[in-house]
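One structure below.
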Amino acid sequence: MEFDIQAINEKIQKESEFVEKIMNEVGNVIVGQKYMIERLLVGLLADGHILLEGVPGLAKTMAVKTLSSVIKTQFQRIQFTPDLLPADIVGTMLLDQKSGDFKTKKGPIFSNLVLADEINRSPAKVQSALLEAMQERQVTLGDETFKLPSPFLVLATQNPIEQEGTYPLPEAQVDRFMLKLSVGYPNRDEELEIMRRMTRKDIPTVKPVVTPEEILRAKEVVHEVYIDPKIENYIIDIVFATRTPKEYGLDELDELISFGASPRASINLSMAARAHAFLRRRGYVTPEDVRSIGLDVLRHRVIVTYEAEAEEITAEDVVRKVLNKIEVP
Amino acid sequence: MAKLRQFFVLTAMIVITAFAFVNAQTDSTDTIGDTGIKLSAKVEQSDVPMNRTVDVVFTLEWYGDLDRYEIFPFDNPILNNFEIVANSSANKVTTKQGKSFATHEYTFTLKPQSLGMGYVESVIIRYTDLKLDTDLTLTTNRIEIKVTDPVAEPGDKTWLIWLALGIVLVIAAVYLVINLSKRKAEKQALKEEEAERNRPVEKKLLEELKAAVNLNDPALDVMNGINLTVKILKRFLNEKFEIMVGSKPTEDIIKELKNSNIDQSFCNDIEQILVTADVLKFSGNQASKQELERLYGLLDTNLYKSLRGEIETIHDENNENE
């Protein structure tokens, strides 16, 4: 198939103009965290939900709120607590005492951007209600099924510390997140800037710079980004290396991996790499895109063995080894 | 003529008969006194292997009853190169030509002591003729016996030991030969490896580049040519500057190159090759031969530059200026 890279490049140049605007506008509020903002955009463009993990106070919630503000979209924040019920998320049927009919009360999930704060603080039934809606992109209340708005992006946060009284997400549920981001501390200069900025009298705000329509158009273009068979095979090699590491010369990982990444990982890695290429304003995917996004796509999909845990080897270490071993095309 | 043939045949028969007789037994003494008594000394064979024994039998025979003569006891025969391992005697009376015939036998079993000749000296036997009441003696001749090389013992497994030893020796020799030739080959391989190692990497890669990508080939697969050019470039970066390129994407390689102290114009050329190749490899567009020629030329030029030491010279100068 003859592929017109010129045309797709031009299209991307045109449709990705908002990326810089978003980055600049978000940068007015959020100091640093470029990696996190970029990944949030990848999720938004590739239709993938994101799980953010980081200690409290790293501007996870603020980043999501700021992003929703610059996109001019509906934003809802749900604070997950142990007493939360599925109906608190998806909505419920309420009896109208005047008319005697049941009326639908849609939950906060009916929004473009949903922040599920501290998702592991609620029991499994609440988590699964959210994750099912994330997967199906629709919610059934009573006899009626309601489609969720587009774009629809769930950003869930969880705290890696204070594990007492939490309900860790089951592996099958975690797999539904396209990316799992590990948010780190800012560096010294960034922290100084944060301190100065946040202690001013007038805390900076952002204005909307992009419409949901622009995001939807961009999403269409992301699907057109060219991915060469060589890159596709590179992705498959990476995913397969997490399942059968021995075949890829990673003998030392054989005892450390309990379960490798699922086919959903291949799909998500391919899609996220396209979105990454789009953000780089490129009409084709390069190995750099795959490697850059690979860790975020795979770190929550590789389950390590007890032996690995005993040796304090994390899934992230395993994925890094895989990415460092598989030869780029 | 027929007479001459008869003479030869007769002579041959006499020689063969005499030879057979000598070999069959040795009669030493045959003394017959007036009394009709006869003493003989016999040996089974004229030669005996070192690891065997030989029996010497002294026989006294006469017509009449056993008590016709009284035989006096006599000393063991004097031996040369033999020792007695056993002795025995036996009497018997038979009838010969209608008369009683008495036999008195003394058997000595001899064991050789060393290779060569051995002797049983004459033995004198004294006896009394009881009828005539006279004392008389009889003497045997000296007997000579040749002691030959030992023969194999029946059921002897010594040969098996020798055979095993021989096999072991053969195997050892074969192993030694194989080992020596292997060592020689290893030494040669090491020598070749050393020579290969000492060969400049640029020279090696230039040859490989020329062999892998033939720009004059009308059927040249351009995309494959670009892939091979990039592969050779990556090997150069790895072998010359120890940059681990295998799993690194272009962006990371360039970052590492630029962070190093390598000549910047060289880094720019490498960046150009890698970035252009990435576009051609991954954008789905057809690569042109001109592009391949340009990338090939860039790599070729930089390999020659590196071979002449120009890249490192510039790097050194920069360091000195700093």
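All values below were derived from every heavy atom in this structure, side-chain atoms included, with hydrogens, water molecules and symmetry-related copies excluded.
- A salt bridge links B:D300 and B:K210; the closest N-O separation between the charged side-chain nitrogens and carboxylate oxygens is under 4.0 Å.
- Between A:Y234 and B:F282, the gap from one ring centroid to the other reaches at least 6.0 Å.
- When the shell of 6.0 Å around CD of A:E255 is examined, it contains 12 or fewer heavy atoms from other residues, nucleotides or ligands.
- Counting heavy-atom pairs closer than 4.5 Å to chain A, the top-ranked of the candidates B:T250, B:D278, B:V279 is B:V279.
- Both the backbone and the side chain of A:P329 come within contact range of chain B, with heavy atoms under 4.5 Å apart.
- Of the atoms belonging to A:V285, it is backbone heavy atoms, and not side-chain ones, that fall under 4.5 Å from chain B.
- Between B:K281 and A:K230, the shortest heavy-atom contact is O-NZ, 3.2 Å.
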